[in-house]
2 protein chains.
Amino acid sequence: MKQKGITLKDVAAAANVSRATAARALSSYGYVGDETALRVQEAADRLGYRANRVAQALRSGQLPIVGFVPGDIQNPFFARIAHDLEVELRKQGHNLLIASSEESVKQEKELLESLRSLGLRGFVLAPASATDNRHIAKLARDGVPCVLIDRVVKDVRCDSVAVDNEGGTREAIDYLVANGHRRIGFLRDDSRIFTAQERLGGYQGALAGHGISVDETLIAVSRSAVEHAIDATIRLFSRRDRPSALFTVDSLMTQGALLGLRSMGLHIPHDVSLIGFDDFNLATFTDPQITVVAQPISEIGPLAARLLLERLQGSAAPPQQIRFPTRLIVRGSVSRPR
Amino acid sequence: MKQKGITLKDVAAAANVSRATAARALSSYGYVGDETALRVQEAADRLGYRANRVAQALRSGQLPIVGFVPGDIQNPFFARIAHDLEVELRKQGHNLLIASSEESVKQEKELLESLRSLGLRGFVLAPASATDNRHIAKLARDGVPCVLIDRVVKDVRCDSVAVDNEGGTREAIDYLVANGHRRIGFLRDDSRIFTAQERLGGYQGALAGHGISVDETLIAVSRSAVEHAIDATIRLFSRRDRPSALFTVDSLMTQGALLGLRSMGLHIPHDVSLIGFDDFNLATFTDPQITVVAQPISEIGPLAARLLLERLQGSAAPPQQIRFPTRLIVRGSVSRPR
DNA sequence: TATTGATATGAGATCGATCTCACATACGGA
DNA sequence: TCCGTATGTGAGATCGATCTCATATCAATA
């Protein structure tokens with residue numbers, strides 16, 4: 001049950017020097033005699049010494065660990081970002097601790113508290129709420145390095161990496177309108193979530209731009225999970241004057257819509273046109289393939305990691321608010337309404 | 001940049017007691033006067049005291065963090081398990097640190113060393129190799145609690161949770177043979193990986209059981225990634241006497257096969273029948289839907305977490321080797337050969 | 001009254017790495 | 001020869017929580 005625990009003390013004893021000298025030899029700071037340094041190195045190698053990172057952390061006040069708090073690690077979008085973060089951070093000797101908020105502000109708050117007491121060096125966050133963010137503001141105020149991804153929070157002084165949700169959605173709606181659609185359904189997740197708000201804004205703005213009044217009954221709400229999205233889709237399309245097209249705000253909702261429509265015997269794009277926000281593997285496996293608003297997902301994680309590492313190295317530059325453009329990938333799920 | 005850091009010392013000062021007494025009051029051990037305990041509690045609350053978990057870890061030698069080392073966090077199978085592990089561990093006040101081995105034994109080795117020096121309390125591993133496992137054996141020998149998932153390693157004394165790879169594969173091959181197939185392709189990932197070996201064994205065993213000799217040229221190897229699987233599929237089906245059916249060893253390979261076959265203009269199940277190991281969302285979105293060997297994925301993570309927690313609580317019971325049965329889910333991707 | 005035990009508290013040690021400070025040498029120039 | 005600086009080393013403090021041990025008080029028992 002006991003760890004073996006070869007400590008600096010052991011190494012020092014083996015090399016016949018004091019702990020201080022051994023530390024100097026291994027971390028190469030201060031003055032150490034060449035011959036002594038060699039002897040210590042050798043002893044350390046021979047004993048298989050590895051510094052206890054917890055002890056180091058106690059002194060420095062920080063563990064070389066970065067926390068990642070996504071809404072849901074099972075969402076491929078976040079899984080991809082987690083992977084990219086991990087790769088970048090590892091290069092700098094940091095590890096990544098992943099703790100999902102499960103889109104609960106309460107859980108997010110608890111997690112952050114608990115992880116702070118763990119001495120994590122910084123955080124990459126996708127805040128569960130666009131408004132209730134005092135805990136994040138506090139984090140930033142306390143000087144804990146922090147990068148927001150996917151979702152931006154106002155009034156918090158920290159870096160953020162997100163995409164142009166509003167523009168991306170507008171482009172998609174424009175495309176639907178250009179194809180003759182005027183009754184366009186909108187399937188979104190909890191309005192608490194930042195991206196949902198911005199994407200809704202893009203939807204409303206685009207419609208307004210075309211002189212189409214927003215019909216609130218065409219906007220369906222569901223949790224971001226396939227099963228819930230199925231139900232919401234069915235509700236939306238059960239009405240007599242159903243929409244001729246549908247826009248979904250993330251890939252899980254798109255999947256739900258796909259299944260919901262299929263269960264109702266509605267064909268894409270013959271009966272309903274569909275565009276989803278966020279590209280996903282599955283979109284090219286369906287028949288027809290799904291037209292989507294793609295995010296530059298491969299850039300988000302590495303950039304967030306780099307921003308965070310700069311902060312960890314003490315950068316006090318003003319917060320950077322990065323916004324990537326999106327790209328409409330036209331496949332086969334849109335046609336003119338019947 | 002500095003953490004605020006309200007320490008036990010501050011609380012003790014505020015409550016006019018020694019650090020020792022404050023500690024007793026807060027962790028409720030030893031004797032403390034009722035009135036004193038209350039005063040300390042109050043002071044702690046007022047100051048917003050949170051114990052420094054790094055300092056606790058230094059004393060106890062262990063951080064309340066469990067490491068999860070999957071092959072690839074982007075694989076939905078592992079993402080799901082990560083989620084389930086996290087939920088279970090959080091209940092016991094532990095956090096989960098995820099570090100992908102990216103199917104590299106070298107990286108796995110380095111990660112484990114680095115995470116051990118971090119004082120992690122235990123590990124959940126999906127070993128990258130079925131054979132080269134001295135580092136894992138050492139871990140187990142040193143008494144570090146350890147649970148293997150998905151992949152079992154011989155000669156290592158630790159718990160494991162896996163599925164009946166051989167039986168599941170055999171059932172699928174039997175089903176294909178029952179449908180009249182005799183030339184059945186097999187698309188597998190690196191033979192180093194445990195599950196690949198067992199699934200190959202199931203394939204060979206099933207064929208032998210039906211008196212069909214194994215044609216090595218029908219066995220294709222690719223890395224477990226969609227793009228690589230596409231190429232391997234195309235190679236396999238470019239030959240004149242191509243197989244009439246294909247079995248793929250995981251969901252990423254199945255996706256690759258799907259795309260590869262489509263790019264060649266081969267239709268499922270008309271031209272080729274297909275069964276994949278591991279169920280995945282996408283399988284029900286294709287037309288036809290894909291017949292798969294499903295694993296009880298919702299049980300693996302929670303069980304692994306429970307086994308690990310028992311070890312953390314000091315259980316010295318003999319290692320448990322759990323094997324879940326698989327289930328063949330018949331959908332529409334298999335028909336009789338032309 | 002003396003003694004035992006339960007209760008209550010504080011001083012100080014401990015975990016392991018690292019940093020400060022004090023104390024040695026050595027070597028150069030004056 | 002003497003002093004200043006560069007070099008090398010060790011003793012001990014530090015980070016924060018917790019544990020051991022010593023001590024102190026009070027009550028109940030012998």
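Being a predicted model, the structure only gives us computed values, none of them experimental. Letters A, B, ... are given to chains in the order of the sequence lines, protein chains preceding strands, and every chain is numbered from 1. These numbers come from the heavy atoms of this one structure, side chains and all, not from hydrogens, waters or symmetry mates.
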A.B. asks: According to side-chain hydrogen bond (donor to acceptor under 3.5 Å, both in side chains), who are the partners of A:T7, at least two apart in sequence or on a separate chain?
C.D. replies: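 Once residues adjacent in sequence are excluded, A:T7 has no partner under the side-chain hydrogen bond (donor to acceptor under 3.5 Å, both in side chains) criterion.
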A.B. asks: Could you pull out every donor-acceptor pair under 3.5 Å between side chains of residues 118-125 of chain B and any protein atom, sequence neighbours left out?
C.D. replies:
residue, atom, partner, partner atom, Å
B:R121, NE, B:Q62, OE1, 3.4
B:R121, NH1, B:H94, NE2, 3.4
B:R121, NH2, B:L312, O, 3.2

A.B. asks: Got a sec, which pairs hit salt bridge (Lys or Arg N to Asp or Glu O under 4.0 Å) with one end in residues 48-67 of chain B, sequence neighbours left out?
C.D. replies: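 Sorted pair list: A:E113-B:R50.
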A.B. asks: Tell me every residue that passes side chain to side chain contact (heavy atoms under 4.5 Å, CB included) with B:L47, counting only those two or more places apart in sequence or in another chain.
C.D. replies: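 With neighbours one apart ignored, the set is B:I6, B:D10, B:V11, B:A14.
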A.B. asks: List the residues meeting side chain to side chain contact (heavy atoms under 4.5 Å, CB included) with B:S18, not counting sequence neighbours, and say none if there are none.
C.D. replies: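 Partners of B:S18 by the side chain to side chain contact (heavy atoms under 4.5 Å, CB included) criterion, ordered by chain and then number, come out as B:A20, B:T21.
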A.B. asks: Scan residues 31-40 of chain B against DNA chain C and write down, sorted by residue number, each residue with any heavy atom closer than 4.0 Å; if none is found, say none.
C.D. replies: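 Hits under 4.0 Å, by residue number: B:Y31, B:V32, B:G33, B:T36.
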A.B. asks: Mind checking side-chain hydrogen bond (donor to acceptor under 3.5 Å, both in side chains) for B:S315 and listing every partner two or more places apart, or none if nothing turns up?
C.D. replies: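 Residues passing side-chain hydrogen bond (donor to acceptor under 3.5 Å, both in side chains) with B:S315: none at all.
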A.B. asks: If the helix axis at each end comes from five base pairs, how far does the helix from C:dT1-D:dA30 to C:dA30-D:dT1 deviate from straight, to 10°?
C.D. replies: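 Computed from the C1' atoms at both ends, the axes differ by 70°.
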A.B. asks: Polar atom pairs between nucleotides 19-28 of chain C and protein, under 3.5 Å, N or O only, would you list them?
C.D. replies:
residue, atom, partner, partner atom, Å
C:dC19, O4', A:R59, NH1, 3.0

A.B. asks: Please list, chain by chain and in numerical order, all residues satisfying side chain to side chain contact (heavy atoms under 4.5 Å, CB included) with B:A15, sequence neighbours excluded.
C.D. replies: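 Checked B:A15 against side chain to side chain contact (heavy atoms under 4.5 Å, CB included); matches are B:V17, B:R39, B:V40, B:A43.
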A.B. asks: Ignoring hydrogens and angles, write down the donor-acceptor pairs under 3.5 Å from the side chains of residues 65-78 of chain B, residues two or more places apart or on other chains.
C.D. replies:
residue, atom, partner, partner atom, Å
B:D72, OD1, B:Q74, N, 2.8
B:Q74, NE2, A:H83, ND1, 3.4
B:N75, OD1, B:F77, N, 2.9

A.B. asks: Does A:R157 have any salt bridge (Lys or Arg N to Asp or Glu O under 4.0 Å) partners at least two apart in sequence or in another chain, and if so, which?
C.D. replies: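 Once residues adjacent in sequence are excluded, A:R157 has no partner under the salt bridge (Lys or Arg N to Asp or Glu O under 4.0 Å) criterion.
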